[in-house]
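Every heavy atom of this structure was used, including side-chain atoms; hydrogens, water molecules and symmetry mates were not.
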Amino acid sequence: RAMRPSPRVSLVRLAPALLAAACGTPNEARPAAPARAAPAPTTAPTGTSAAPGEGTAPREAVAAQGPFRLHEWGLFAVDARAPGFATAATETPAARAAGPADTQRARRVAPFPGLGLEGIGTRGGKPVLYVHLDPGTTEARFTLRLGIPAAQVPEHWPMAGALAPSGQGEAFGWQGVVARPGPCTAPQSAPGPLDPACVQVPDGFCEAAELPRYVGGRETCLEVEGQPSDLLFYRASNLPTEPLPLRMVPDGEGWKVEAVGDVEVSGPVYWLTRSEGGAVHLRALSAQQWGQRLREGEGPSLRPEDVRGGLLAEARARGLSDEEADAFVDAWAPAYFDRCRRQGPEASGAPPLAFRPARTSLLYFAPAPVVDAMLPLSTEPPAREQRRVFLVRWVDARSTL
């Protein structure tokens, strides 16, 4: 596990996967490092995610909360060389000529006329939401809202009950969600490539088509306007890049990992490269290696099963169930380093560059404050607990395969 005491860091957003059609049986691997013990159940303050080690909310706050918990996983994906993204390592002439007061802003302007950082941002991939009812609860009803405009949500599932489906600036969410214990007897089928839910996706990439691969323990059935579903799903776009605490920055012939802001990064940090022949080199980075030049194939390589095991262990430690953690890691395994191991349909259409396999990429877990800042999420009534587990993936967009 790579740890850095109080690194200077910021907060960000999400991305999908290129998946193989035929996957084997899930086969959990042993972690590369001792796994952190899973945290005891905690109660998150209203509108926040409970992180391992956090305390319990005041008793009067608990009384106003709903009898359910939310578990969510997803991905923030960034094209490190995308137009509109620039760092000190790709400094523009305007930055060098700027005075002290303007230097920071000038360095964020891309060397492409008319394109600024605000127009690019991070992509959010496959946030999947599961609901867990408190023991003895026969039904829970709630409305879920995201703190981003519906126009930034290119697709979601189920289609029913969506708030602001027209995307006219209102925040996105679902109203009238009903959760009941037990599996759905006849869950609504995920959309296929020719279904309206896929055909209408603005960027032509439909992740909802592969949702059957990510069903969890089937302990709760959700119903939205009469449509049963095992989970809730949405995909986001145009998220800010600045909140991310670690960045992949060009450094001469190689890259380096740069820490920015004041948010602590915990959990494994992996550097992945692929050779011309397709061999994958997986390297765990310690905090002491941040800021150093990294080149393809340098340093000892981990086995893919060790990286998979490390990601699984960390996802469980952050509050996901075994089934949820397995779905989370398997969702993007082919794009990262490995084959998928769950059987099921693939996404429809060509994925964005940040979701594809790449010759150079960086992986780490987004701190809870970053997730909440990038994708604010709330329910009415408030969930008793929220566990939001997101990976961050930086990729050299010019090296996608």
Side-chain angles (χ1 to χ4, degrees), residues 14 16-17 19 26 49 66 68-75 124-133 137 139-146 153-163 172-192 195 197-198 201 206-236 315-316 318-332 340 342-348 371 375 377-379 383-391:
L14 252 143
L19 298 161
S49 298
F68 62 94
R69 297 169 290 123
L70 284 180
H71 289 186
E72 179 185 18
W73 56 257
L75 176 70
K126 207 185 282 88
V128 173
L129 288 147
Y130 308 91
V131 176
H132 298 266
L133 295 173
T137 300
E139 181 180 281
R141 295 174 178 264
F142 62 90
T143 294
L144 185 148
R145 286 185 172 84
L146 287 174
V153 181
E155 61 171 323
H156 60 274
W157 190 261
M159 298 290 288
L163 297 171
F172 175 78
W174 286 273
Q175 58 187 345
V177 182
V178 182
R180 297 186 179 94
C184 295
T185 54
Q188 186 182 19
S189 300
D195 291 335
C198 282
V201 177
C206 183
E207 273 201 294
E210 64 186 28
L211 288 179
R213 299 164 54 94
Y214 309 119
V215 174
R218 299 182 185 273
E219 65 178 62
T220 306
C221 181
L222 305 177
E223 187 177 291
V224 186
E225 293 186 356
Q227 296 184 11
S229 179
D230 294 301
L231 44 78
L232 300 175
F233 154 82
Y234 66 95
R235 181 161 61 91
R316 294 192 193 103
R318 291 172 182 254
L320 296 185
S321 70
D322 288 350
E323 296 89 348
E324 293 162 357
D326 181 74
F328 169 58
V329 175
D330 205 61
W332 299 285
C340 59
R342 287 186 159 219
Q343 294 183 342
E346 299 179 37
S348 171
V371 178
L375 286 174
L377 184 150
S378 62
T379 62
R384 185 169 63 78
E385 175 188 272
Q386 289 182 188
R387 297 286 186 172
R388 311 185 71 193
V389 182
F390 281 70
L391 274 175

> What heavy-atom pair brings M159 and A197 nearest, and what distance separates the two atoms?
SD-CB, 3.9 Å
> Taking all atoms of both residues into account, what is the closest heavy-atom pair of A179 and F142, and its distance?
CB-CE2, 4.5 Å
> Does R388 use its side chain to pair, donor to acceptor, with the backbone of L375 at less than 3.5 Å?
yes
> Does E139 have any side chain to side chain donor-acceptor pair (under 3.5 Å) partners at least two apart in sequence or in another chain, and if so, which?
R141, R180
> Start with the C-alpha distance between L70 and L144, add both sets of side-chain angles, then the distance that settles side chain to side chain contact (heavy atoms under 4.5 Å, CB included), and finish with yes or no.
CA-CA 10 Å; L70 284 180; L144 185 148; 4.1 Å; yes
> For a quick test of reading the model, state the closest non-hydrogen atom pair linking T379 to A383 and the distance between them.
OG1-N, 2.9 Å
> Find the distance between CZ (F68) and NE2 (H132) and round it off to the nearest 0.5 Å.
12.0 Å
> If only atom types and distance count, is the side chain of D195 paired as donor or acceptor with the main-chain N or O of G192 below 3.5 Å?
yes
> Side chain to side chain contact (heavy atoms under 4.5 Å, CB included) for R69 and R387? Distances and angles first, verdict last.
CA-CA 8 Å; R69 297 169 290 123; R387 297 286 186 172; over 6 Å; no
> For the pair S321 and E219, evaluate side chain to side chain contact (heavy atoms under 4.5 Å, CB included) and give the outcome as yes or no after the intermediate values.
CA-CA 11 Å; S321 70; E219 65 178 62; over 6 Å; no
> For the backbone of V131 and the side chain of T220, can you confirm whether one donor and one acceptor N or O come within less than 3.5 Å of each other?
yes
> In the structure I gave you, are the side-chain heavy atoms of W157 and Q188 within less than 4.5 Å of one another anywhere?
yes
> Can you tell which of E207, E155, H156 makes a side-chain contact (heavy atoms from CB on, under 4.5 Å) with V201?
E155
> Got L129 and L377 here, is their nearest side-chain heavy-atom distance under 4.5 Å?
yes
> Would you say L320 and Y130 make side-chain contact, with heavy atoms under 4.5 Å?
no
> A186 and P228: which non-hydrogen atoms are nearest, and at how many Å?
O-CG, 3.2 Å
> Is the side chain of D230 donor-acceptor paired with the backbone N or O of V215 at a distance under 3.5 Å, no angle test?
no
> Has W174 got a side-chain atom pairing as donor or acceptor with P158's backbone, closer than 3.5 angstrom?
yes
> V128 versus E324: any side-chain heavy-atom pair under 4.5 Å?
no
> For a quick test of reading the model, state the closest non-hydrogen atom pair linking R235 to P154 and the distance between them.
O-CD, 2.9 Å
> Which pair of non-hydrogen atoms, one from C184 and one from L222, has the smallest distance, and what is that distance?
SG-N, 4.1 Å
> So, are E210 and K126 salt-bridged, with charged N and O less than 4.0 Å apart?
yes
> Nearest 0.5 Å, please: how far is CG in D326 from CZ in R316?
8.0 Å
> So, do E385 and H71 sit near enough that their side-chain heavy atoms are less than 4.5 Å apart?
yes
> State which residues pass ring pair (Phe, Tyr, Trp, His ring centres under 6.0 Å) with F233; sequence neighbours excluded, sorted by chain then number.
none
